[in-house]
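Residue numbers begin at 1 in each chain, while the letters A, B, ... track the order of the sequences. Worth knowing before you read on, the calculation uses all heavy atoms, side chains too, and leaves out hydrogens, waters and symmetry mates.
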Amino acid sequence: MRVSQFLLSTLKEVPADAEIISHQLMLRAGMIRKLAAGLYTWLPLGLRVLRKIETIVRDEMNQAGALEVLMPAIQPAELWQESGRWEQYGPELLRLSDRHNREFCFGPTHEEIITNLIRHEIRSYKQLPANFYQIQTKFRDEIRPRFGIMRAREFLMKDAYSFHLTQDSLQATYDIMFKTYTNIFNRLGLKFRAVIADSGNIGGNNSHEFHVLADSGEDAIAYSTTGDYAANVEMVPILPPTKPRSQPTANMVAIDTPNQHTIEELSQFLQVEPAKCVKTLLVQGEAGLVALVLRGDHTLNVIKAAKLPQVSSPVTFAEPAQIKDTIGCDIGSIGPVGLEIPVLVDNSIANLIDFVCGANKNDQHLTGVNWGRDLPEPQLADLRNVEAGDPSPDGNGELEIARGIEVGHIFQLGDKYSRAMQATVLDENGKNVTMTMGCYGIGVSRLVAAAIEQNHDQIGITWPQAIAPFTVALLPINMHKSQRLRQVAEGIYAKLTAVGIEVLFDDRKERPGIMFADMELIGIPHRLVIGERGLDNGEAEYKGRRDEKSQTVPLDDVINFMQNKLKI
RNA sequence: CGGGGUAUAGCGCAGCCUGGUAGCGCAACUGCUUUGGGAGCAGUGGGUCGGGAGUUCGAAUCUCUCUACCCCGACCA
């Protein structure tokens, strides 16, 4: 491709509303342009990257035996009513009606559509298992779309759905998909981790998320430094201590703590470390308030809490007025001693002795508090978020925390949809059996942003070769002034193209600084520079986008050199 | 949906407080010079100042209202 024939719309300045680096770089590199909140046009440069990712995803899915289909983006309400999600899904579902006032939605996902298709197409167990996928535009009316393509409302997704007679068969396909996803992210050239995940509201049990590792990621994942364990931090169980508790050494004393509300203030004031303080959070329960007690330096995991039978889901914190009414004091002075509402205590403080907590009276705290003596033995629950250094739940090593961007998610759905929609096959006894299902998603457009979050430097994008929009940037210096240089450049361009290398040939009449800056911004992995100076010595100059220094290459060896570099 | 903010040329912004007919940098276009790291000089084009209403002799500027967008929160692949 010649730059003069391409739309290279780079920006020197960062658009004001772009928060994260991938969004800034995608705008500056001229990959996307915003149309409205969460809606983006892909410019030629960005689309090339998107298509490369799509191609790799499609190739691996095909190799895994999945069959590609393409389902409509607009879906009739009846199917969603049948599955029960027309009511459940809420405002994120974009609903519309046609000229006959029939109701539709713009599909945020396709379980209903594929289940409807398969219940008509597949009648016999002999046709199972089967796995169908599509790469298609989804729409989710997010409350707050942000970060450009990372959390857009309209986005490109690969979604796959598998159908089975048995759980064993589902597990086998699930394992194949796990392997396939691993292959995909490896081929894309991204550093990633597969982690145990919450299955959220899609339903089902067994579930893994695939995260591209990036410091800017919105999700935190915990992984064992020595073992294989890895999970979304939401999901890491923390077990109660196995050893017995030590004996108390202090008596319970009430002390005045004027205007000390937060754990930080309190631990400063009393000269006690936060780990010896206890904080008590009040949340709405099934009947009135419930107290959740955590160590001062720990944080509540709302997903774990919401799963407890005593706690309302989703977790809702008590209103200050309600606390005053129930306990008689304000936030900041609450403690578990003498509370008359249900008290759930985090596993991690089962063995805490001589601790500090609120006295349920404003401006007072208790020190030297001990379980079983000053208050009943704790009713334990797993309440807190994991932290770096916690033991791995499988007993193998310690956990480290990393940040990631969720780009893939695989679920075992079970019969949630197939039962609601009566997707059955005849088994070998001629009996109707409800199929069991799996579903497997990859955020194709999000992957573009995630790849940039992971692969950039001060001056621009540093694409992994597999998904770069072009492979080689060919930069002739001041070509307009030298016929000889033009001929050499055209020759190299033609030959590289002929051997199947995607070359971006900068044939603009621009100064070298502009060409370098543009090519570095858009992240072309390999750069060949030729100039009058080098021609005299029969040399070209090569530099990899991530290399520190450039190297010279004999002009008549350039094609070979590049082929070797690219291993083709 | 709650809280905060912004809206002036393609992009980044000033002007608004104190009303007097719109400006800067970048980008674009033309010419000349320059040419191995986002050039210099000269010139040119481009704006219903988000929409509507009001106050006023006069509104980008003051008032009201609507809309869009951004940030924080809850929610979520």
Side-chain angles (χ1 to χ4, degrees), chain A residues 8-20 23-24 27-28 30 33-39 89-93 107-110 138-159 197-202 207-212 217-219 232 234 302-303 306 313-317 404-411 439-447 449-450 459-460 475-482 485 506 508-521 527 529-535 539-541 543 550 552:
Chain A
L8 191 63
S9 307
T10 54
L11 302 173
K12 222 196 286 193
E13 286 175 275
V14 183
D17 53 7
E19 276 277 295
I20 58 167
H23 189 197
Q24 294 173 357
L27 290 169
R28 287 190 54 211
R33 290 290 180 254
K34 181 165 82 171
L35 178 65
L39 302 176
Y89 215 94
E92 211 175 287
L93 187 64
T109 176
H110 278 69
K138 300 281 188 275
F139 190 95
R140 297 185 188 175
D141 202 353
E142 294 276 351
I143 298 171
R144 187 146 85 88
R146 59 181 146 174
F147 303 148
I149 223 75
M150 186 77 86
R151 183 177 297 276
R153 291 195 293 175
E154 188 176 306
F155 60 102
L156 191 64
M157 183 171 180
K158 187 285 296 176
D159 47 327
D198 183 30
S199 50
N201 63 5
I202 296 201
S207 167
H208 284 85
E209 289 169 356
F210 288 76
H211 288 259
V212 167
E218 279 195 278
D219 290 297
N232 193 307
E234 298 165 350
V302 292
I303 292 182
S313 174
V315 171
T316 315
F317 285 97
I405 300 163
E406 185 186 345
V407 292
H409 203 157
I410 57 179
F411 301 88
C439 90
Y440 319 92
I442 288 182
V444 178
S445 47
R446 177 180 281 184
L447 265 169
I459 51 177
L475 308 187
I477 304 293
N478 296 319
M479 186 169 70
H480 63 282
K481 289 206 311 199
S482 165
L485 182 57
D506 200 341
R508 295 175 296 179
K509 189 185 162 188
E510 286 289 0
R511 299 162 54 83
I514 291 177
M515 296 200 221
F516 293 146
D518 274 345
M519 294 304 147
E520 282 157 352
L521 173 62
R527 182 179 85 186
V529 177
I530 48 177
E532 272 289 329
R533 213 164 68 188
L535 284 194
E539 284 171 344
E541 175 194 299
K543 182 172 176 296
S550 57
T552 54

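Atom pair A:Lys158:NZ and B:A77:P shows a separation of 16 Å (rounding to whole Å applied). The distance from atom CG of A:Asp17 to atom C1' of B:C70 is 7 Å, rounded to the nearest whole Å. Going from atom NE2 of A:His23 over to atom P of B:C69 covers 13 Å, rounded to whole Å. Spacing between atom NZ of A:Lys34 and atom P of B:A68 amounts to 13 Å, rounded to whole angstrom units. A straight line from CE of A:Met150 to P of B:C70 spans 16 Å, rounded to a whole angstrom. Rounded to whole angstrom, the span from the CD atom of A:Glu92 across to the C1' atom of B:C76 amounts to 6 Å. In this structure, CD of A:Glu209 is placed 13 Å from P of B:C76, rounded to the nearest angstrom.
Heavy-atom distances to RNA chain B give each of A:Ala36 and A:Val302 a nearest nucleotide, and the one nearer the 5′ end belongs to A:Ala36.
Residues meeting the side-chain contact (heavy atoms from CB on, under 4.5 Å) test with A:Ala36, sequence neighbours left out: A:Leu39. Residues satisfying the side chain to side chain donor-acceptor pair (under 3.5 Å) test with A:Arg151, not counting sequence neighbours, are A:Glu218. For A:Ala306, the side-chain contact (heavy atoms from CB on, under 4.5 Å) partners at least two apart in sequence or on another chain are A:Ser313, A:Val315. Listed by chain and number, the residues in a salt bridge (charged side-chain N to carboxylate O under 4.0 Å, His left out) with A:Lys543 amount to none (sequence neighbours excluded). Residues meeting the ring-ring contact (aromatic ring centres under 6.0 Å, His included) test with A:Phe210, sequence neighbours left out: A:Phe178, A:Tyr181, A:Phe185. A search for side-chain contact (heavy atoms from CB on, under 4.5 Å) contacts involving A:Ala540 returns A:Ile530, A:Leu555, A:Val558, not counting sequence neighbours. Looking at residues two or more places apart in sequence or on another chain, you find a salt bridge (charged side-chain N to carboxylate O under 4.0 Å, His left out) between A:Arg508 and A:Asp506, A:Asp518. For the ring-ring contact (aromatic ring centres under 6.0 Å, His included) test, no residue two or more places apart in sequence or in another chain qualifies with A:His110. Scored by the side-chain contact (heavy atoms from CB on, under 4.5 Å) test, A:Pro108 finds A:Trp80, A:Tyr89, A:Leu93, A:Arg140 as partners (sequence neighbours excluded).
At the phosphate of B:C72, OP1 or OP2 sits under 4.0 Å from a side-chain N or O atom of A:Arg146.
Here A:Ala152 lies in heavy-atom contact (under 4.0 Å) with a base.
Residues A:Glu532 and A:Ile477 have side chains not in contact (no heavy-atom distance under 4.5 Å, counting atoms from C-beta outward).
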Set out, line by line, the N/O atom pairs under 3.5 Å between protein and nucleotides 34-43 of chain B.
from	atom 1	to	atom 2	distance (Å)
B:U34	O2	A:Arg511	NH1	2.8
B:U35	O2'	A:Asn478	OD1	3.4
B:U35	O2'	A:Asn478	ND2	2.1
B:U35	O2	A:Asn478	OD1	2.8
B:U35	O4	A:His480	NE2	3.0
B:G36	N1	A:Glu541	OE1	3.2
B:G36	N2	A:Glu541	OE1	2.3
B:G36	N2	A:Glu541	OE2	2.8
B:G37	O6	A:Arg527	NH1	3.0
B:G37	O6	A:Arg527	NH2	3.2
B:G37	N1	A:Glu520	OE1	3.1
B:G37	N1	A:Glu520	OE2	2.9
B:G37	N2	A:Glu520	OE1	2.2
B:G38	O2'	A:Lys12	NZ	2.6
B:G38	O6	A:Arg28	NH2	3.4
B:G38	N1	A:Asp518	OD1	3.4
B:G38	N2	A:Asp518	OD1	3.1
B:A39	OP2	A:Arg511	NE	3.2

Pick out the pairs of N or O atoms, protein on one side and nucleotides 4-7 of chain B on the other, that lie under 3.5 Å.
none

Protein-nucleotides 22-24 of chain B N/O pairs closer than 3.5 Å?
none

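Of the nucleotides present, none pairs with B:U56 by Watson-Crick or G-U wobble criteria with both distances under 3.5 Å. When Watson-Crick and G-U wobble pairs are counted only if both distances are under 3.5 Å, B:C1 pairs with B:G73. Look at B:U61: it lacks any Watson-Crick or wobble partner with both distances under 3.5 angstrom. Using N1 to N3 plus N6-O4 or O6-N4 for Watson-Crick, or N1-O2 and O6-N3 for G-U wobble, each under 3.5 Å, B:A14 pairs with nothing. Of the nucleotides present, B:U67 is the one that pairs with B:A7 by Watson-Crick or G-U wobble criteria, both distances under 3.5 Å. Nucleotide B:C29 has B:G43 as its partner under the Watson-Crick or G-U criteria, with both atom distances under 3.5 Å.
Atom name P, nucleotides B:G52 and B:U61: the rounded distance is 12 Å, in whole Å. B:C49 sits 5 Å from B:A60 when the C1' atoms are compared, rounded to a whole Å.
Atom CD of A:Glu541 sits about 8.5 Å away from atom OG1 of A:Thr552, to the nearest 0.5 Å.
By the 6.0 Å and 45° rule, A:Arg527 stacks over the aromatic ring of A:Phe516.
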